[in-house]
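What follows is a single structure, written as structure tokens, with notes after it.
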Amino acid sequence: MSSEPGFDSEVVPSSLVGIAPILRVANEVGAMNPRVAYLCRSYTYKKACRQDPASTGRGIRKFKTTLMLRLQKENAFTLESRVKPSDAQEMKSFYQDYYEKYIHALQNVVDKDDRSQLTKAYQTAAVLFEVLKEVNASHSIEVDQVILETHNQVERKKRLYLPYNILPLDCDSANQTIMQYPEIQAAFHAFRNIRGLPWPKEHQKTPDSDLFSWLQATFGFQKDNVSNQREHLILLLAGIHTRWNTKPDQQPKLDDRALDIVMKKLFSNYKRWCNYLGRTSSLWLPIIPQGVQQRKLLYLGLYLLVWGEAANLRFMPECLCYIYHHMAFELYGILAGNLIPTTGENVKPAYGSQEEAFLNKVVTPIYKVIEKEALRSKTIKSGHSDWRNYDDVNEYFWSRDCFLLGWPMRDDADFFQVPHDAPLNKMNVENGHHWMGKVNFAEIRSLWHIFRSFDRMWSFLILSLQAMIIIARNGGRPSDIFDAGTFKQISSIFTTDAILKLFQSILGIVLSWKARRSMAFAVKLRYILKLLSSAAWVIILTVTYAYIWENPTGLGRKLTARLSDGRKHPTLYVHAVMIYLAPNMLAAILLFSPEFGRFLENSSIRVIRLMMWWSQPPLFVGKGMHAGRYSIFKYTMFWVLLLATKLVISYYIEIKPLVQLTEDIMRESNTFQSHEFFPHENNNVGVIIALWAPIILVYFMDIQIWYAIFSSLTGGINGLFGRLGEFATFGMFRSRFQSLPWVFSRTLFPSESNKTRDAAFSLNPSKTAERDKISARFAHIWNLIITSFRKEDLINNREMDMLRVPYYKDPEMDITQWPPFLLASKIPIALDMAADCGREGDHLQKRMDCDPYFNYAIRECYASVKSIIYTLVVGEQERAFVEDIFTVMDNHIRKGTIIKELNMRSLPVLSSNFVDLLNLLQKNKAEDKGQVIILFQDMLEVVTRDIMDEEPTEVLTSSLNSQNDIIHEGNAPVDVLGDQMFIKAINFPVEGSDAWIEKIKRLYLLLTVKDSALDVPTNLDARRRLLFFVRSLFMDMPNAPKVRQMLPFSVLTPYYSEDVLFSTQDLELQNEDRISILFYLQQIHPDEWKNFLERMQCLGEEDLYATKDLEVELRHWASYRGQTLTRTVRGIMYYREALVHQSYLDMGRDGESLIYFLFLDPMEGLPSDAFPQCHAIADMKFTYVISCERYGIQKRSGDCRIHDILRLMTTYPPLRVAYVDEVEETSKDPNAKIEKVYYSVLVKAAGAFGQNLDQEIYRIKLPGDAGLGEIKAENKNNGIIFTRGEGLQTIDMNQEHYIEETLKIRNLLQEFLDKPDGLRYPSILGIREHIFTGSVSSLAWFMSNQHSSFATIGQRVLANPL
């Protein structure tokens, strides 16, 4: 970006987007040659004047003025800096130098790792030649032939080296790391098979043509849409090919099973649509086996191209099925060489193959229908039934009538019409056409939807209430139901049920009344027959019910007297009820016979369709969704138990006592005083109503309470069986920490055996190699998590050292090393116990036996001391003396007599000396060598005189005597030796490696930390995250595959205009209470603020404003604790970091190579030799797209949020941003000078010389504005075509993610490959979200807990058993 006030080179009017690259080149070369930059800007100004001389476009006049003022200011001083005599010579010299320095040099690089720099260099060189040509023309100078030849080479390479998203598919990029994987090569070479394809005559086939090129030339798709979907399908096939191919590194040949799987997924809805409408699929395969794969790829490519260019039509899947059905049939006709019967010519696409033919002639007409309907909903005050949305338009293609639309589609079809009462000046519709309107559903807002939507539950509760009241009046015992009189009264519930169904039928007609004009005749007939049938059953059941009584009264007596012949027919009602219940019995049979039910719903037999038509409306969606028998059984038992409990409690506590009380009140001769509610009432009806009203209300509403109780119990039981509560507290987590390495290995890493998970949890590897491998993997992943905690300022430096596992395995220490927070205070306690007991060490031995971490700490401390002393003592004689001492110690340890034979009271003194030694080793200064020697002599004296005071072993004595003879010719006493030993035998200062430094620091913590470290980590969020993550690893989850074999997936985040990154002004701005955002965050996150200051090495807030980098870090710290896009992006990009590390772990084979690269610090990154492979695999498996709908508008307006988004793309290079670009272009309509054209654009970071810039990858033209009303959904729809993989996760911009949870993504995606009910694969997986704003207020805390309860117990019960 330019720092010139009033002029931003990135803010270019939409009608002048073509000049933006020239301004970027000017900024790029400005530091190298200011005069060349000036000439580029001057050429930009001239070009802008040529494109719009009258400045009619929006913002052009301002742009020209600011640019002209800058040119006037720069002309003088840039002219002075010019080296050559003229501008033409200056441009020529700079062009040649640039080519040699940036293009020729990069071409000579063999590996060409940074291909983006070469692509950028070619683009810059092309712009420089354009400016050079203009400067020469202004001076009437011809361009040199050498320059022209160079430019021709640049142009060829520029067309070849286009900006790419993930895969560089040009012919010169075969040596790129990602292109060398066999699965990518297999898919890439399969698309290059273009043998036998009939190319259009006007198309010139090129050497790099493939199947997508042929589809583009044949059907008129856009170039960037073809490029986008080509990469999409290659990655999709490559991912599935790797899963099915057992030998991924063999000869690259695309597996046919991968093709079949992709076709099954993509065409499942299309084939179901064809079957529903009784049409034959257009997916015809050739008889010759050699052409089957090519034909399948063409069908897949055509489908994705239709989907990728469909814009808002993607909301209408059956509309796309209609389009694809005809285009696939045309594709078959072209490949089969079919002829048109009328003309005798070969079959050609109905809409031609011109550029943008598919967009202009297929997508745009249907889009205009949706646009008009959306415009009508905004401009006309009408109900929902007077205009159509996406679903309403899509329902038109659920009927065979959609084929009346024809192909090519008829412009005068009713489908393209709008209501007659629409404004003609806006809709351009002539009178007389028929508007399709609503098809199946018209929304009417009414409270009666409460009954209509839950009619079965309401009916059940009403009928149960009626039955309970009858039982309570006739004895009150449930066994009274077998009494003949009571049973006859209870049987009246069937008549009540018929009345409720009549009410439901009337309600259905009323609520669908506004859709009557466009409703199909079959639907209308069904409503009418349902009404007549329910009315008839009310009459039949009412009349026949009167016949079961010998002496009916009231209405029953009148009916029997008028309709009967005087004879009684007691069984007539029973027969009527059996016929009435026949559909319910059939539904119950189908409920427990899901296979038969699915067959009936998907059957095309007319008799069966007639039966299904009566039971449910004929809709395309929601068919064949029956669950398995076991799932239905669990579902039924849950509701049976719940309703039985609810009815029993309601009967004995609510209904039965009230019935008896009601009878007593009604028998009472005196009336109660009803006061002001019923001032003129002379009976007790008011009292009865007052008694029953609250009971009835509770009766109907308490089922929600019972559901909450049963769901809590069921969810808790499910959680116990799912091992959700493996340990509930952090103390249990500490005690079970020993099992984590094996749990990590069996859960987060690919399984290398066929052993069950339970056996894997109990497996304790005995082989050293296997144990080291598990420990290495655990150390790498655990330290990755702890390092992330430190970067997020959840812990401080001390806590990070206490929590981390050693990265480097010391071959001299054959022990298991645990994090210091588990071993803290163990050594000081052991020293105190040793000092108190001396040689009576029974308590110390018992403590070592019962506390494993106590034993681990002592063993590691002894091994570390031994290793450090061996490293420091290099003198031959002193080394032998030290070895003899440790030999004695090892013998005692092996025999178990070290406590009894040695004097432990002096261990604290020895420990104090060694702590002083560790302090000197951490400083590692040469001037401290004398103190080191003295410390060694002091420790020697403590060991030989105090600890080993009664240990004159032969080995030790001989060693002392031999050293005495050599140094003092046998005359010096032993006590004098201590004054002269170690003087020239100490290696200090030590040239320590990272492993050495870590060993020193770790031993220092073990010896000095005296508290138990139970509060490590102290941050509550860090404890919650660790506990949740580790607890989840004990759950039953799918095994993790290797990263190369996992399901590829994408994450999509819709963004409109929310905060991206808090600015300094935002942080310091105070509200009416004089509280700023920064101050508020410091108060609610005090520990994280201190950790942040420690990480930045600052003493206070004032120090953070010292430099620009520290200020940016402050802005990030605050933004990571607010609802900002920066927080979301950081969390989602943890996916990629996890995949990079996991793919790195997958590369390990066995032996030393594995241990070598596993014991690495994640903060230091990965070795350079593994870097390209790991990132290439991560690119194939993960894509993150932010759909910023207003990115283009905000960029042209100079919005500060754009700079923050660019910074995000620069920080995370794999991040992609999709947006809708609104461009003003010259209109083809002579009545309009300028028209707005919309494009769907994908950009990535393209920083140059420290600048945050974006680089356009794809630009796909749209039929119109993408935002027609459903803003958030349409924003996602714009970005979804740029996603990759088989899975898609949608994340709002106010959410985040954690590094430890992203490690489980491989396990999570495996859920899509398993059939939990044995019938179908899952299509949607819900993931619990942590509401991080729960601590803001009490209301936020309540809403957070409410969401947590639903996302845990609620969803667990909905998944099983419901």
Side-chain angles (χ1 to χ4, degrees), residues 165-167 169 181-193 210-212 214-215 221 225-246 248 252-274 281-286 289 291-310 314 317 320-321 323-325 327-328 331-332 335 1041 1044-1050 1180-1183 1280-1288 1309-1315 1320-1323:
N165 184 20
I166 298 174
L167 299 178
L169 297 175
Y181 281 93
E183 57 266 33
I184 298 295
Q185 294 181 9
F188 178 74
H189 293 313
F191 281 105
R192 288 301 179 96
N193 178 21
D210 60 1
L211 298 181
F212 275 93
W214 183 83
L215 290 172
F221 293 108
N225 177 38
V226 171
S227 300
N228 180 38
Q229 298 306 327
R230 177 188 290 116
E231 180 186 85
H232 183 190
L233 188 53
I234 288 177
L235 289 172
L236 191 61
L237 291 172
I240 301 178
H241 172 87
T242 307
R243 285 207 310 273
W244 284 95
N245 195 353
T246 57
K253 184 180 184 303
L254 185 61
D255 196 327
D256 290 332
R257 290 174 296 181
L259 269 175
D260 295 336
I261 292 173
V262 176
M263 289 190 68
K264 183 178 180 181
K265 289 184 177 181
L266 291 185
F267 297 136
S268 59
N269 185 63
Y270 167 67
K271 291 182 178 180
R272 189 167 59 249
W273 177 78
C274 291
S281 169
S282 297
L283 303 176
W284 299 87
L285 298 178
V292 173
Q293 187 181 86
Q294 183 193 69
R295 185 69 59 86
K296 291 180 179 179
L297 289 173
L298 286 172
Y299 283 139
L300 289 173
L302 178 62
Y303 183 86
L304 289 178
L305 290 175
V306 170
W307 176 78
E309 206 164 327
R314 284 189 288 273
L320 294 185
C321 290
I323 297 173
Y324 181 76
H325 180 75
M327 296 186 68
L331 173 63
Y332 165 73
L335 296 177
R1044 280 186 67 182
Q1045 297 174 348
M1046 67 176 287
L1047 269 73
F1049 72 106
S1050 297
M1180 289 190 289
K1181 299 301 178 182
F1182 170 71
T1183 305
I1280 197 173
I1281 59 175
F1282 303 118
T1283 59
R1284 301 290 185 260
E1286 303 174 62
L1288 176 64
L1309 292 173
Q1310 287 298 105
E1311 295 282 0
F1312 288 107
L1313 302 180
D1314 183 30
K1315 297 180 179 179
R1320 60 182 65 87
Y1321 295 102
S1323 57

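Computation of the quantities below employed the complete heavy-atom set of this structure, encompassing side-chain atoms and omitting hydrogens, waters and symmetry-equivalent molecules. In this chain, residues are counted from 1 in sequence order.
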Go through the steps to decide whether Thr1183 and Thr1283 satisfy the test side chain to side chain contact (heavy atoms under 4.5 Å, CB included), and finish with yes or no.
CA-CA 6 Å; Thr1183 305; Thr1283 59; 5.7 Å; no
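- The side-chain heavy atoms of Lys296 and Asp260, taken from C-beta on, include a pair separated by under 4.5 Å.
- When all heavy atoms of Pro1048 and Met1180 are compared, the pair lying nearest together is CB-O, 3.6 Å.
- Residues Arg1284 and Glu231 are in side-chain contact: their nearest non-hydrogen atoms beyond the backbone lie under 4.5 Å apart.
- Expressed to the nearest 0.5 Å, how far CD of Glu1286 lies from CZ of Phe1049 amounts to 12.0 Å.
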Output, in order, the C-alpha distance, side-chain angles, deciding distance and verdict of side chain to side chain contact (heavy atoms under 4.5 Å, CB included) for Leu259 and Tyr299.
CA-CA 11 Å; Leu259 269 175; Tyr299 283 139; over 6 Å; no
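- In this structure, Met1046 CE and Leu1309 CG are separated by 5.0 Å, a value rounded to the nearest 0.5 Å.
- Shortest non-hydrogen contact noted between Leu237 and Ala187 is CB-CB, 4.3 Å.
- Phe221 and Phe212 have their aromatic ring centers separated by at least 6.0 angstrom.
- Contact annotation: the side chain of Leu298 approaches that of Leu335 to within less than 4.5 Å [non-hydrogen atoms, C-beta and beyond].
- When all heavy atoms are compared, the tightest approach of Trp307 to Ile1281 is CH2-CA, 3.7 Å.
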Any chance you could lay out the side chain to side chain contact (heavy atoms under 4.5 Å, CB included) test for His232 and Leu167, step after step, and finish with the verdict?
CA-CA 10 Å; His232 183 190; Leu167 299 178; over 6 Å; no
Between Asn269 and Leu320, is the side chain to side chain contact (heavy atoms under 4.5 Å, CB included) condition met? List the steps.
CA-CA 10 Å; Asn269 185 63; Leu320 294 185; over 6 Å; no
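- In this structure the side chain of Trp214 never reaches within 4.5 angstrom of the side chain of Phe191, judged on heavy atoms.
- Here CG of Leu254 is found 5.0 Å from CD of Gln293. Values are rounded to the nearest 0.5 Å.
- At least one side-chain heavy atom of Gln1310 sits less than 4.5 Å from a side-chain heavy atom of Leu1047.
- Side-chain contact between Ser281 and Tyr270 is present, with at least one heavy-atom pair separated by less than 4.5 Å.
- Annotation: the span from Gln294 atom CD to Asn193 atom CG amounts to 5.0 Å, rounded to 0.5 Å.
- Residues Arg1044 and Glu183 approach most closely at NH2-OE1, 2.6 Å, considering heavy atoms.
- The number of heavy-atom neighbours closer than 6.0 Å to NZ of Lys264, taken from other residues, nucleotides and ligands shown, is 12 or below.
- For the pair Asp210/Phe188, no side-chain contact is recorded, criterion being any heavy-atom separation below 4.5 Å from C-beta on.
- Using cut-offs of 30° and 60° on the angle between ring planes, the pair Tyr303 and Tyr324 is perpendicular.
- Considering every non-hydrogen atom in both Gly1285 and Ser1050, the closest pair reads N-OG, 4.5 Å.
- Rounding to the nearest 0.5 angstrom, the gap separating the CD1 atom in Ile184 from the NE2 atom in His241 is 10.0 Å.
- In this structure, CD1 on Ile234 lies 11.5 Å from CD1 on Ile166, to the nearest 0.5 angstrom.
- Using cut-offs of 30° and 60° on the angle between ring planes, the pair His325 and Trp273 is perpendicular.
- The two residues Pro1322 and Asp1314 come nearest to each other via the heavy atoms CD-O, 3.0 Å.
- Under the 4.5 Å side-chain criterion, counting only non-hydrogen atoms from C-beta, Phe1282 is not in contact with Asn165.
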